[in-house]
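Beneath this line is the structure, given in structure tokens, with notes to follow.
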Amino acid sequence: MLADAIARYANERVRKVFRDAEEDSVIPTDVVKAGWEIGILPTGIPEAYGGFGEYSAITGALAAEGFAWGDLAVTLNLMVPNLVAIPLMLAGTEAQKGAYLPQFCDEAMPRMTAALTEPRIQFNPYKLKTTASLAGESYELNGTKTAVPLADNAKFILVYANEDGQTQGFLVPMDAEGLEIGKRNKLMGINALPTFTIALTGCQVPVENKLGGADGIDFGLILAHSRVALGAMAVGVARAGYEYAREYAKERVQFGEPIAHRQSIAFMLAEMATDVDETRLLVWEAAWLLDKGKDAARETAVMKRHIDEMVVRTADRAVQILGGYGYIREYPVELWLRNARGFATFDGLAIV
Amino acid sequence: MIDFELPEFIKNQNQLIQMVAEQAMRPYSRDLDEHEHERPQAFVEMTWPFAQQMVKRDLKGLEIALNGRTGQNGNGAAKSAPTKPNYAILSLIMMIEQLSWGDAGQYLCLPHPMLGGAAIQSAGTPEQQIRFFKRFTEGEPKWGAMAITEAGAGSDNSSMRTTAVLDPDSNEWILNGEKIFITSGGLALEESDGVCVVWATVDPKAGRAGIKSFVVEGHTPGVTIAKAEHKLGIRASDTVTLHFDNARIPYENLLGSAEVRQKGAGTKGFKGAMKTFDSSRPAVAASAMGIARAALEFTQEKLAEEGIAVDYTKGTHELTAVERDLMEMEARHKGAWLLTLRAAAQMAHGQSNRLEASMCKFRAGEAVTWITQKAVELLGPMGYSREWLVEKWMRDAKINDIYEGTRQINQLIVARAILEYTRRELK
Ligand SMILES: Cc1cc2nc3c(=O)[nH]c(=O)nc-3n(C[C@H](O)[C@H](O)[C@H](O)COP(=O)(O)OP(=O)(O)OC[C@H]3O[C@@H](n4cnc5c(N)ncnc54)[C@H](O)[C@@H]3O)c2cc1C
């Protein structure tokens, strides 16, 4: 049912606006509102914290694929609150859950986001350059983050930083001293989603804002959940490309018959269909492991790397099948290729 | 519901088969590879009792279905909708994977109806199934085989020329022609009282509609083994040319109907062959996955001894080329295996799986080919050496890209399905 609602939303709302949203760098607010109202996140938050359900990574993966088939930027935008809510559920202390989780069950989309990515070539989420050090009753954060979605409008940013070699999370309120929201990023794709570079210069955060309390978090677990989300979204983008190319190939006539009558086209489509199914199973299996409370750091690392390649290959094939038209921005496939390439660098930009 | 948990009894079965693989297969792998056409006796002896049990279980199911059957529906086993999933197919797929982890060539010598059994199950009546399977539950070891391929009819198997003519006086079919590359053909027909399902045409002018399947029993006069192949890999497996020279078989050994053009029956006989593939393709994929797992595990183990293990927390720029290869090997292995399990689970739930069977088959063939070739590469001179089994696994692996429909043929099937094209639209 949820999957149907998402498919309808993706098809009837998102697909109507996604090209303009990309060109104008803005998503119509009513589309975001309608997406939020489907209520994916609150259904995953337990009643004790104001939600009405039970958390499941598999459900999250299903939702992420369905939304991303519509458009990746819209999906990432809709799921920005997850970036804080899910780590809270996975790793937050009781006090943190009680204080923050109910805010995610409101009608209005909560203004919370997270910052993981750093603007450097050799970015590795396990080895952040942004640092956190304890000084008395507060942590001091120093560093630069980029691709922070909706940072300009946030109340809190969950900032990941390196504390003694471990990646830890810190809830930084917008008015924290030493936090500065910088320029909006200009990216190769997902331009409808506003993302920002932020600077932390001697930024002070109270100790109780460290996610998970004094013990902190198992970042590998959070990253695993992020990789399930991104993997599922990549499957959604790949499926969009595959389906579009398949229908196009059946319509486009050259040499007197549809180009899909040729094996070189048909076999590309067969591979695309198989890639989509195969990677979806990989995502689901990883999500299933996580839901059973298993450590899936290894599985998700393997799966993510494989899917990052798959989604680019599939989007590329979609462009190829459309020929010159594939290169033209009136057709969607070029955008899917640009978006697809992002997955290799999107670690932490989505989570379910 | 999305669930990847295996039923408990399958996990137990796995332990038993693991033992067979380790004790009765691996120690003989190299020797059997170097002495082509020798039979894997230790394996056959150890598995014959176990294989008999499996067939007995199938027969019991058939008898229950037969007794409980109300209407006469002539074709196929219990048609009533299964209330709970039929785990037999899943357990079979797991067994094939594990035996192939042991040795894929020896696995093909399992004294069991095998591919022939799959054909009899998809096209035979319950009575026929009981008649042909019973022998696999008693006496000496027996083998099953299936013969479609001919010199002029490989991927295009509908162009086969072997003929079956009914002799009205004796009510027997007379088979004439030649089948090539038949797995366990010699074991089934010459070395035991096994069965071989042979596809032949009763009317060469009728094309696909004229193609029927016949059960040829071991030691049938007029059937000879004309040649045993020398192969790249799976050398423990018996691959032969079968010659049919006025071979006579009873009328009742025809699977399905003798009619060429029944009303609405269309190309039913040939479709029976195609239906066999719905279960045999996941089986081949499972075998491929067993080899892939063997190669992957061995490579990981040997590299770990050298201090080389994947650090899954490394960033893109820190990963070595070897680590990337190992991660991709893992991903491709897991992906193809999950596709295989999906196709098998669909069968267990009585769902149609033609598309998914072809998907898993071509993807598994492709994956195992790549994974084993990588394994040889990553293990350097030792990988290439015949001291270890990796090079053999690479040779064994390739067959999965070829038989039960080549990679291309299975892609063609997938492509036609997703495009909703006929054979004419997509050649
Ligand atoms: C060890 C071994 C065991 C075997 N066991 C059995 C058995 O037990 N029973 C049995 O019946 N058969 C068996 N076979 C036969 C096997 O199924 C065939 O070899 C296989 O189907 C391919 O047929 P072919 O060899 O004639 O190749 P061809 O059909 O000549 O194919 C040659 C190449 O052309 C490609 N090709 C063909 N047609 C198309 C098309 N339409 N579009 C795109 N590409 C195409 C193929 O993919 C392949 O790459 C066995 C083969 C071997 C090697």
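The chains referred to below are lettered A, B, ... by the order of the sequence lines, with proteins before strands, and numbering in each begins at 1.
- With a 4.5 angstrom heavy-atom cutoff, A:P125 does not touch chain B via any of its atoms.
- Here the straight-line distance linking atom CZ of B:F4 with atom CG of A:L289 works out to 8.5 Å at 0.5 Å rounding.
- Contact record, B:L419 with A:A266: CD1-CB, 3.9 Å, taken as the closest heavy-atom pair.
- Residue contact with chain B, scored on non-hydrogen atoms closer than 4.5 Å, involves the side chain of A:I58 exclusively.
- Paired with B:K334 under the rule side chain to side chain contact (heavy atoms under 4.5 Å, CB included), one option of A:H306, A:M303, A:E299 passes, and it is A:E299.
- With a 4.5 Å cut-off on non-hydrogen atoms, B:Q408 touches chain A through its backbone and its side chain both.
- We find that A:D277 and B:R342 are joined by a salt bridge, their nearest charged nitrogen and carboxylate oxygen being less than 4.0 Å apart.
- The contact between A:R262 and chain B is made entirely by backbone atoms, counting heavy-atom distances below 4.5 Å.
- With a 4.5 Å cut-off on non-hydrogen atoms, A:W284 touches chain B through its backbone and its side chain both.
- With a 4.5 Å cut-off on side-chain heavy atoms, B:I418 and A:Y242 count as touching.
- Rounding to the nearest 0.5 angstrom, the gap separating the CZ atom in A:R246 from the CD atom in B:E420 is 7.5 Å.
- Per-residue counts of heavy-atom pairs under 4.5 Å with chain A were compared for B:V310, B:L338, B:L326; the largest is that of B:L338.
- Around the CZ atom of B:F9, the shell of radius 6.0 Å holds more than 12 heavy atoms that belong to other residues, nucleotides or ligands.
- In this structure, CD in A:Q263 is found 10.5 Å from NZ in B:K427, a value given to the nearest 0.5 Å.
- Options A:A301, A:A249, A:A273, A:A260 differ in how many heavy-atom pairs under 4.5 Å they form with chain B, and the most are formed by A:A260.
- Contacts of B:E366 with chain A are made by side-chain atoms alone, with heavy-atom separations under 4.5 Å and no backbone atom involved.
- In terms of heavy-atom proximity, B:Y312 sits nearest to A:Y126 at O-CE1, 4.5 Å.
- When all heavy atoms are compared, the tightest approach of A:V302 to B:M327 is CG1-O, 3.4 Å.
- Per-residue counts of heavy-atom pairs under 4.5 Å with chain B were compared for A:R298, A:Q122, A:M268, A:K250; the largest is that of A:R298.
- Residue A:A270 comes nearest to B:A415 through the heavy atom pair CB-N, 4.0 Å, listed as atom of the first residue, atom of the second, then distance.
- Open room surrounds CD on A:Q320; 12 or fewer heavy atoms of other groups in view lie less than 6.0 Å from it.
- For the atom pair A:R120 CZ and B:H317 NE2, the distance stands at 10.0 Å (nearest 0.5 Å).
- Of the atoms belonging to A:D275, heavy atoms from both backbone and side chain fall under 4.5 Å from chain B.
- The line from CG of A:L62 to CD1 of B:I2 is 4.5 Å long, rounded to the nearest 0.5 Å.
- Contact of the B:T313 side chain with the A:K127 side chain is not registered, since no non-hydrogen atoms from C-beta on lie closer than 4.5 Å.
- When each of B:L355, B:L412, B:V414 is scored by its heavy-atom pairs under 4.5 Å with chain A, the top score falls to B:L412.
- For the atom pair CG (B:L339) and CG (A:L282), the distance works out to 8.0 Å, reported to the nearest 0.5 Å.
- For B:Q411 against A:F267, the heavy-atom pair with the smallest separation is OE1-CD2, 3.3 Å.
- Under the 30°/60° scheme for interplanar angles, the aromatic rings of B:Y421 and A:H261 are found to stand perpendicular.
- By the 6.0 Å contact criterion, NZ on A:K129 is open, its count of non-hydrogen atoms from other residues, nucleotides or ligands being 12 or less.
- Environment of CD in B:E5: crowded, with over 12 heavy atoms of neighbouring residues, nucleotides or ligands closer than 6.0 Å.
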